[in-house]
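Report on the following structure.
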There are 2 protein chains.
Amino acid sequence: MAVEQSPWKDAFGREADRSEKRDAVLRVAAQSFCERGVRATSLDDVAERLNITKPTIYHYFRNKDEILVACVARGLAMIDDAIAEADREALSALDRLRAALRRYAEVMTMDFGMCVTRISEPDLSEEGRTRFRDGKRKIDGRVRDLLRACIREGSIRPCDVVLATFTITGALNWIARWYDPAGPLTGEEIGERMVAMLLAGFAAPAPPAG
Amino acid sequence: MAVEQSPWKDAFGREADRSEKRDAVLRVAAQSFCERGVRATSLDDVAERLNITKPTIYHYFRNKDEILVACVARGLAMIDDAIAEADREALSALDRLRAALRRYAEVMTMDFGMCVTRISEPDLSEEGRTRFRDGKRKIDGRVRDLLRACIREGSIRPCDVVLATFTITGALNWIARWYDPAGPLTGEEIGERMVAMLLAGFAAPAPPAG
DNA sequence: CCGCTTGCTTACTCGCGAGTATAGAGCATA
DNA sequence: TATGCTCTATACTCGCGAGTAAGCAAGCGG
């Protein structure tokens, strides 16, 4: 298999430190959650992919839900950081929006990003659900704020900002469902083109002659 | 509870025919699959919601996968029919596209439609996966064909039709993830507004003065 | 050398849920 | 009354996977 490099390496190189090992568990788990679904991912499988056994995982995490929550949290953080970073690039609001959405799209092609859109609430514990919702709400808020800034600036047509956010993030989130690393487009290209499409719309401009 | 009206009704009214009962199982199962996820839906739960017991379900279906496949197939058929029907309304290609997408959006607010986007491939058996993929491919093909017709007609700007289809269907599919029947908008309204947004795009038109 | 901790193992428990064996109730035909 | 079909229930089996118990090896302070 060797799906991931593992810090355990068949009884050698066990000096790697705790957080590195936690990370390895999360990476493999995130991948498996996305590929097979949360309920269908057994911790025995995850352990096997890392050349360890299940109780070892319990040495680093309290239970399965903690792993799941950590994966989702990491994905949410990546999206949030992407937007925040784009926001700091002090350009026009429209350029900030464009940059933010492009990076958002890219995160959707990565394991932790995919977790955010492929995992659904019933997979999480009550506490995890709350954190999940909070994280998504925060991201939604950022996108809405950016849209409002653009509207104030005059670069985006005034519209129902809530529905616009759902439309845009829906298109972006769905990337996680069809993206194929072996496909013709990289995450970056997808982001750039999709964002351009969303902003320009699909309709042809009205013909010049009445 | 009384989530659904059940043809079994506490030992009364058992004269309803077979297909009606199959339907009832599918409706309840679809709802539960969407709410709780496929793996987390036990047939015992489904049976209980219908005032029956699990073996009764097995009298109408071979196994859980058959139920799941039937739910997804019904959802796919609803989308396909929606597009096909819109296509028969012999208007301009753009009007046919608009009508098709609006109906697509509406289906996404219904139980069986939601199944299509909330269920993911690993939930299905090998055979079910194939049918699922085929159904989605067919729908994708229809949307692409409509887009191409519009481009030929001049009503849609020439573009990467494949990515455009992913963008549009992504936004529409995502409706199933946030739609709330108690929310301010009906399925019809959501469809109409979202499709308008997608076609027109979000960017403000270039200012009249250079 | 002892005792303690850390990291990992093998070998369990235990509950849940898919699917089944079997039987009984109701009805229809003979 | 006997036969047999349809529909449903009670009461199982059985495997899988989350989580645990208990112990073993390696390092480290004394």
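Chain identifiers are assigned alphabetically (A, B, ...) following the order of the sequence lines, protein sequences preceding nucleic acid strands; residue numbering begins at 1 within each chain.
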Quiz item: Does the cation-pi check pass for Lys54(A) over Tyr58(A), that is, NZ or CZ under 6.0 Å from the six-membered ring centre and within 45° of its axis?
Solution: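 That pair does not qualify as a cation-pi contact.
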Practice problem: Report yes or no: is the cationic atom of Lys64(A) (NZ for Lys, CZ for Arg) under 6.0 Å from the centre of the six-membered ring of Phe61(A), at an angle within 45° of the ring normal? | Solution: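 No, a cation-pi geometry is absent between Lys64(A) and Phe61(A).
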Backbone N or O of [Y] within a donor-acceptor pair of the [X] side chain at under 3.5 Å?
X: Thr41(A); Y: Ser32(A); answer: yes
X: Asn173(A); Y: Thr169(A); answer: yes
X: Thr109(B); Y: Glu106(B); answer: yes

Close N/O contacts between protein and nucleotides 12-18 of chain D (under 3.5 Å):
{"unit_1": "dA18(D)", "atom_1": "OP1", "unit_2": "Thr41(A)", "atom_2": "O", "d": "3.2"}
{"unit_1": "dA18(D)", "atom_1": "OP1", "unit_2": "Lys64(A)", "atom_2": "NZ", "d": "3.0"}
{"unit_1": "dA18(D)", "atom_1": "OP2", "unit_2": "Leu43(A)", "atom_2": "N", "d": "2.9"}
{"unit_1": "dA18(D)", "atom_1": "N7", "unit_2": "Lys54(A)", "atom_2": "NZ", "d": "2.7"}

From [options], nucleotide with atom closest to [X] side chain:
X: Arg18(B); options: dA9(D), dA11(C), dC7(D); result: dC7(D)
X: Lys21(B); options: dT8(D), dC8(C), dA11(D); result: dT8(D)
X: Tyr60(A); options: dA9(D), dC7(D), dC8(C); result: dC8(C)

Quiz item: Between dG7(C) and Thr56(A), is there an OP1 or OP2 to side-chain N/O distance shorter than 4.0 Å?
Solution: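 For Thr56(A), the contact criterion (side-chain N or O under 4.0 Å from OP1 or OP2 of dG7(C)) is not met.
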Quiz item: Is there a side-chain polar atom (N or O) of Thr53(B) under 4.0 Å from OP1 or OP2 of dT8(D)?
Solution: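 So the side chain of Thr53(B) is outside the cut-off, no N or O lying under 4.0 Å from OP1 or OP2 of dT8(D).
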Practice problem: Look at Asp111(A) together with Arg27(A) and state whether they make a salt bridge at an N to O cut-off of under 4.0 Å. | Solution: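 Judged by the 4.0 Å cut-off on N to carboxylate O distance, Asp111(A) and Arg27(A) do not form a salt bridge.
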When the distance from [atom1] of [X] to [atom2] of [N] is rounded to whole Å, what number comes out?
X: His59(B); N: dT10(D); atom1: NE2; atom2: P; value: 16 Å
X: Phe61(B); N: dT20(C); atom1: CZ; atom2: C1'; value: 19 Å
X: Leu50(A); N: dG7(C); atom1: CG; atom2: P; value: 16 Å

